[in-house]
Undergrad: 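Sharing a structure, written as structure tokens. Questions coming.
Atoms within each ligand, like the ligands themselves, are counted from 1 in listed order.
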Amino acid sequence: MKSIVRLQSQSNDIVIRCAPRAEIIYWGPHLTHFQENDIESLIRPIANGRLDVDTPITLAAENGSGLFGSPGLEGHRHGQDAFPIFTTQSISHHQQRLVIEATDEIAKLRFTSEFYLDPDTGVLQLRNGITNLTSQTWQLERLAVTLPIPERASEVMAFHGRWLREFQPHRVALTHGSYSQESRRGRTSHEYFPAMIIGEPGFNEQNGAIWALHLGWSGNHRIQADVKTDGRRLVQAEALYFPGEIELEANDTHWTPWVYATYSGHGLNHMSQQYHSYLRHHIIRFAENKPRPVHLNTWEGIYFDHDPEYIMQMATKAAQIGVERFIIDDGWFKGRHDDQAALGDWYLDTEKYPNGLTPIIDHVRKLGMEFGIWFEPEMINKNSMLYQAHPDWLLELPGYDQPTGRYQYVLDLSNDDVFRYLLERLTALLNEYPVDYIKWDMNRELVQPCHQGKPHAYQQTLRFYELLDILHERFPNTEIESCASGGGRIDYEVLKRTQRFWASDNNDALERQTIQKGMSYFFPPEVMGAHIGNKHCHATRRQHSIEFRGITALFGHMGIELDPVKAEISELDGYTKYVALHKQFRSLIHSGQFWRVDMSDPSIQVQGVVSPAREQALFSIAQLAMPDYTLAGQLRFPGLAPDATYKVTLIDHPDIKPVREGGHTMRDLPIWMNQSIRVSGEWLMTAGLSLPILDPETAILISLTRQ
Ligand code: DGJ
């Protein structure tokens, strides 16, 4: 049995000693001269005052062999077999794939680890499985993926958030003890996106060594980084289980969700580029190979006030603006007049729509747009026909009063009758109407999520996936957006079944700048729903110019979220202009390399995309707050070809009026804002471009074209 295995990629390698007990020895930059015996240099000394043997951080991180930290596996058989130790039985290694099977013959358990290191993108996909080899049930309490990281990785970057404020990054020093983030809300959550980035202190967009991981799972989860008292570090990612939730009968295997990990030696941009490229090649699947259609979503335009004639007027206006997909949001089904009733009753409200949906869909299609519609299948209001008929279909613990969330409850998807009902309703509606797109919402958290009295949150997530999978088999051309009160269900596993995320219910361009930046660490623009919202933002009551809203929405899967019928002419002109601009640069934005730029003044936020051949680039410069200095400094562009010459063109800017007298920030513009200039890539990357002094909450757009 060949015991040392190296999986290689262009940017990073992982070396695993597979036997007698499997352990990751190295995870870092790609090695060009590696020899198996190199690993002898890493044999650890034994310290006094502790166990007399070395205790490797194995793939299962078993406490049974003297590791005192967080184990990778916890469980028992009524208290028995609680400290398994696994010895490798088989190794299957083919190119960049590796499967290691290890058993504990006393505890009668098998621990399986699967690795795939994508050679092109450098993303490592891995998961662990546990199998019960005897007829006595094994109660699984925890099963994690454990990755050791080097001692120099002592700074954590992770994300916190809340409704209307997703993907906010924060940093903590990792010097002693643990740093842990978890969601017990039954969804990926706004609060803690399941990812962690750990690196050399001070790592930034361009520099520093970092080790990152994301757990592809849409339910409860925990990610934890630990410093052992001997200084070794590890990070663990796992789905969280409630007591008694996972019981393994004879020969049952339970897997962790897939973990997607990557090492970058060149800071956060390179990490994101590796993830984006991996997603583009391996996970994102669009129904057809066509540009992402620009949306108009009715929610913030009309809410529950559905009038077919008026909706058709909205569609007409939308088409004039250049919209390519028209979506009817919440409010179309029987009895849905507000958010207190009707969830579960997935029948068209014929009082609102006496002629059915067909006239609207025909109208939308005649205008050359696709048609989409909103669903929230996992939910039920007590004020519904469904609840009248099936009060026992709730995901709940009988005998207790559930708190409601948005006046609603969750359906128990493990109940086959519930599952069949939802499938039947969705199938019937999708058969009746040509639906190109579903906005799939999920607006409340899971509390006491029980099926037949036992916790079932994990199973609920699996059944949700199953529902999506069956629908995809039946309607392969219908695309789905994952929405959960905005960005509450965003992860790589749900992305295998969906084509777009609703990043946030907050369409305030200033807030969107940070939300979208946060999301960009793990997701490319083409799956990030980004809409131009009302001038008076509904979430924050702030007002932003159409230029700031337009440029902000440009760098995603663009849409509009308002009532175009009531919009002023100047606003309509603005929507039309930014939709056209998005279409002009769409293929670049949706296929290029994404860059964020660290500026010395953090109130200036810069992002951009550079085409794969470095022929074309588009950058936005957003002024988030009052600038720190009287001059904005230079922007050094990343990702260009040093030996090329680029034409620098100002594509869009706010209404800048340099004034001779005081009172405003700028007297004279930098020269390139009045005329295109030609500059070498090397100069733009190293010396840069002088920036204008921008007002807070404004942005400009620059294109670079290779000459
Ligand atoms: C929450 C979503 O995030 C919104 O975009 C909208 O679809 C509402 N639900 C509708 O109820």
Undergrad: With side chains defined as the heavy atoms from C-beta onward, is the minimum distance between W595 and V609 less than 4.5 Å?
TA: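 A side-chain contact under 4.5 Å is absent here.
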Undergrad: N/O of W299 under 3.5 Å from N/O of ligand 1, yes or no?
TA: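 Min N/O separation from ligand 1 is not below 3.5 Å for W299.
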Undergrad: Tell me whether the centres of the aromatic rings in H214 and Y278 are closer together than 6.0 Å.
TA: no
Undergrad: Under 3.5 Å, N or O to N or O, is W374 touching ligand 1 that way?
TA: yes
Undergrad: For ligand 1, note which part of N297 has a heavy atom under 4.0 Å away: side chain, backbone, both or neither.
TA: neither
Undergrad: Which of the atoms in ligand 1, numbered in the order shown and given with their element, are less than 4.0 Å from a heavy-atom of D330?
TA: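 The atoms of ligand 1 under 4.0 Å from a heavy atom of D330 are 10 (C), 11 (O).
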Undergrad: Around atom 1 (C) of ligand 1, find the nearest protein heavy atom and jot down its residue, atom name and distance.
TA: D441 OD2, 3.0 Å
Undergrad: Please tell me whether H557 and F501 form a close aromatic pair, meaning their ring centres lie under 6.0 Å apart.
TA: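 Centroid separation for H557 and F501: 6.0 Å or greater.
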Undergrad: Is the shortest distance from a heavy atom of R406 to ligand 1 less than 4.0 Å?
TA: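 R406: in contact with ligand 1 (<4.0 Å).
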Undergrad: Identify, by atom number and element, the atoms of ligand 1 in contact range of W502, meaning under 4.0 Å from any of its heavy atoms.
TA: 3 (O), 5 (O)
Undergrad: Just to confirm my output: which protein heavy-atom neighbour is closest to atom 7 (O) of ligand 1, and how far is it?
TA: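 Ranking protein heavy atoms by distance from atom 7 (O) of ligand 1, first comes D329 OD1, 2.8 Å.
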Undergrad: Just wondering, do Y260 and L279 contact through their side chains at under 4.5 Å, heavy atoms?
TA: no
Undergrad: Looking only at side chains, do Y492 and H282 share a donor and an acceptor under 3.5 Å apart?
TA: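 No, no side-chain donor-acceptor pair sits under 3.5 Å.
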Undergrad: List the closest protein heavy-atom neighbour of atom 3 (O) of ligand 1: residue, atom name, distance to the nearest 0.1 Å.
TA: D505 OD1, 2.4 Å
Undergrad: Any N/O of C483 closer than 3.5 Å to an N/O of ligand 1?
TA: no
Undergrad: Can you tell me if Q408 and E376 form a side-chain donor-acceptor pair at under 3.5 Å?
TA: yes
Undergrad: W332 and F375: aromatic ring centres closer than 6.0 Å?
TA: yes
Undergrad: Taking the non-hydrogen atoms of E561, is any one of them nearer than 4.0 angstrom to ligand 1?
TA: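 No, E561 has no heavy atoms under 4.0 Å from ligand 1.
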Undergrad: Kindly indicate whether the side chain of E238, heavy atoms from C-beta on, has any atom under 4.5 Å from the side chain of T256.
TA: no
Undergrad: Around atom 5 (O) of ligand 1, find the nearest protein heavy atom and jot down its residue, atom name and distance.
TA: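 The closest one turns out to be K439 NZ, 2.7 Å.
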Undergrad: Using heavy atoms and a threshold below 4.0 Å, how should the contact between E376 and ligand 1 be classified: side chain, backbone, both, or neither?
TA: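 Neither part.
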Undergrad: Determine, for F371 and R365, whether the Lys NZ or Arg CZ falls below 6.0 Å from the six-membered ring centre while staying within 45 degrees of the axis.
TA: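 No - R365 does not lie over the ring of F371 by the 6.0 Å and 45° rule.
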Undergrad: Pull out every atom of ligand 1 sitting under 4.0 Å from any heavy atom of N443, numbered as shown with elements.
TA: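 In order of number, 1 (C), 9 (N).
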